[in-house]
Amino acid sequence: MPDSRPVLSIVVPLYNEAENLDYLFERLERVCDRLQVSYEIICIDDGSRDGTLNQLRAHHHRNPAIKVLGLSRNFGKELALSAGLDYASGDAVVPIDADLQDPPELLELLMAKWRQGYDVVLATRRSRAGESWLKRLTASGFYKTIGRMSPISIPSNTGDFRLMDRRVVEVLQQMPERTRFMKGLFAWVGFRQTAVEYDRQPRYRGRTSWNYWRLWNFAVDGLTSFSLLPLKVWSYVGLLISALAFSYATFLVVRTVLFGVDLPGFASIMVAILFIGGIQLISLGVLGEYLGRVYEEVKGRPLYIVRDRYGFEGDRLPSGFKDDVSR
Ligand code: UDP
Ligand code: MG
């Protein structure tokens with residue numbers, strides 16, 4: 001089936017983005033027409049509560065290159081994106097946000113670099129308009145931390161907006177893990193990478209669904225998926241504290257032998273107990289974070305569940321399958 005393998009697949013995860021759809025497709029279609037390649041736009045409705053899915057369906061009927069996956073509930077952006085990547089069949093695949101923060105016009109530059117032979121072309125944010133200083137500060141803090149803690153170097157100021165060659169996408173489709181920190185996975189696979197810069201725009205319409213609590217959890221997911229440092233550090237902390245305790249004990253024994261018993265010491269005992277107790281709870285908490293994730297992985301549930309599918313009839317189904325109630 002020649003038309004089932006387009007050159008370019010654009011993958012758009014959407015959660016309550018009804019207001020942005022018309023303008024999004026207008027701009028995407030204009031760029032794709034200019035590029036003069038066969039394309040598909042895979043839209044994943046991530047359990048939206050507004051009219052996103054209905055509108056997507058209407059757009060699919062207008063332009064069959066727009067293909068729609070409707071997930072059975074909100075699975076979160078990372079999983080919605082994974083679903084889209086599983087279904088993408090193009091030679092080049094580009095995930096893009098639905099709110100037009102990533103300008104579709106950059107696709108031309110991404111494609112040009114891809115044609116030069118790069119497997120991955122990152123779109124790096126030169127500036128982030130429309131984001132508060134607190135968000136910028138926490139974002140840069142996060143990138144610094146994960147940069148130091150993880151053996152994989154995760155490019156900072158780079159979101160999911162990038163072009164990937166089919167080979168890269170096939171590797172990503174093979175990854176079975178449930179905690180999908182996409183930026184990290186993208187970096188983990190390697191391949192020949194290059195970057196282009198762009199100015200990140202403010203959201204076109206609607207509001208971001210990422211509050212700080214969600215971002216924090218996202219950051220913890222990233223750190224635990226790509227670094228074992230928080231898990232390993234406790235042996236060293238324990239070792240250090242034991243060494244200190246041992247020297248202090250020696251000192252106490254020697255002092256008691258030489259100078260006799262000296263009773264006061266309530267404060268120091270309290271401090272020691274509370275300190276050690278705190279350290280133990282923290283380390284247990286960290287163990288819990290990892291253990292919880294191991295549990296999630298071991299359950300082996302599907303990553304996402306596709307409820308509706310429009311435009312995939314006759315197309316090849318995704319290779320690795322982690323989903324699909326309809327078969
Ligand atoms: N998104 C999604 N599922 C979610 C949350 C967000 O598919 O649970 C999509 C959203 O529709 C958008 C993209 O992920 O296309 C980025 O989301 P958003 O603009 O809210 O994030 P931000 O740009 O603030 O990081
Ligand atoms: Mg956004």
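First listed ligand is number 1; within each ligand, the first listed atom is number 1. In this chain, numbering begins with 1 at the start of the sequence shown.
- Neither the backbone nor the side chain of Glu78 comes within 4.0 Å of ligand 1, counting heavy atoms alone.
- In the hydrophobic clustering of this structure, Val94 groups with Leu14; members are Ile, Leu, Val, Met, Phe, Trp, Tyr whose side-chain heavy atoms approach within less than 4.5 Å, directly or through other members.
- Among the candidates Gln174, Gln173, Arg166, the single residue satisfying the side chain to side chain donor-acceptor pair (under 3.5 Å) test with Glu170 is Arg166.
- Ion pairing of Asp91 with Arg5 is present here, as a side-chain N (NZ or NE/NH1/NH2) and a carboxylate O approach within less than 4.0 Å.
- Of all atoms in ligand 1, numbered sequentially from 1 with element shown, those under 4.0 Å from a heavy atom of Asp46 are 2 (C), 3 (N), 4 (C), 7 (O), 8 (O).
- Protein heavy atom nearest atom 1 (N) of ligand 1, with residue, atom name and distance: Tyr15 CB, 3.7 Å.
- Interface atoms of ligand 1 facing Leu14, defined by a heavy-atom separation under 4.0 Å, are 7 (O), 11 (O).
- Nearest protein heavy-atom neighbour of atom 6 (C) of ligand 1: Ser209 OG, 3.6 Å.
- Heavy atoms from both the backbone and the side chain of Asp97 come within less than 4.0 Å of ligand 1.
- The protein heavy-atom contact nearest to atom 19 (O) of ligand 1 is Asp99 OD2, 2.5 Å.
- Asn20 and Asp99 share no side-chain donor-acceptor pair at under 3.5 Å.
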Given the rule in the side-chain contact (heavy atoms from CB on, under 4.5 Å) test, do Asp119 and Trp114 qualify, once you have shown the distances and angles that lead to the verdict?
-> CA-CA 6 Å; Asp119 300 313; Trp114 175 60; over 6 Å; no
After noting the C-alpha distance and the side-chain angles of Gln101 and Arg200, does the key distance pass the side chain to side chain donor-acceptor pair (under 3.5 Å) rule?
-> CA-CA 6 Å; Gln101 284 197 279; Arg200 182 131 162 116; 3.1 Å; yes
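- Residue Lys77 touches ligand 1 through backbone and side chain together, judged by heavy-atom distances below 4.0 Å.
- Against a heavy-atom cut-off of under 4.0 Å, Gln101 is close to the following atoms of ligand 1: 19 (O), 22 (P), 23 (O).
- Glu289 and Thr224 form no side-chain donor-acceptor contact under 3.5 Å, judged by distance and modelled atom types alone.
- Ring centroid separation for the pair Phe161 and Tyr198 comes in under the 6.0 Å cut-off.
- Atom 24 (O) of ligand 1 has its closest protein heavy atom at Thr208 OG1, 2.7 Å.
- Residue contact check for ligand 1: Arg214 places a non-hydrogen atom closer than 4.0 Å to it.
- Among the backbone and side-chain atoms of Asp99, an N/O/S atom is found under 2.8 Å from the Mg ion (ligand 2).
- Taking the ring centre of Tyr295 as origin, the terminal cationic atom of Lys299 falls inside the region bounded by 6.0 Å and 45° from the ring axis.
- Ranking the protein heavy atoms by distance from atom 21 (O) of ligand 1 puts Trp210 CD1, 3.0 Å first.
- Backbone and side-chain nitrogen or oxygen atoms of Ala80 are examined, and none is located within less than 3.5 angstrom of a nitrogen or oxygen of ligand 1.
- Numbered from 1 in the order shown, with element, the atoms of ligand 1 that lie under 4.0 Å from a heavy atom of Arg203 read 18 (P), 19 (O), 20 (O).
- In the vicinity of Arg200, heavy-atom distances shorter than 4.0 Å reach the ligand 1 atoms 23 (O).
- The local environment of CH2 in Trp188 is sparse, with at most 12 non-hydrogen atoms from other residues, nucleotides or ligands closer than 6.0 Å.
- Contact annotation for Asn16 and ligand 1: no heavy atom of the residue comes within less than 4.0 Å of the ligand.
- Using a cut-off of 4.0 Å between Lys/Arg side-chain N and Asp/Glu carboxylate O, Glu17 and Arg203 are scored as salt-bridged.
- The protein heavy-atom contact nearest to atom 9 (C) of ligand 1 is Pro13 O, 3.6 Å.
- Close approach of ligand 1 to Lys135 (heavy-atom distance below 4.0 Å) involves ligand atoms 24 (O), 25 (O).
- Applying the 4.0 Å criterion to heavy atoms of Glu17 picks out, from ligand 1, the atoms 10 (C), 11 (O), 12 (C), 15 (O).
- Looking at Asn217 and Arg214, their side chains never bring a donor and an acceptor atom within 3.5 Å of each other.
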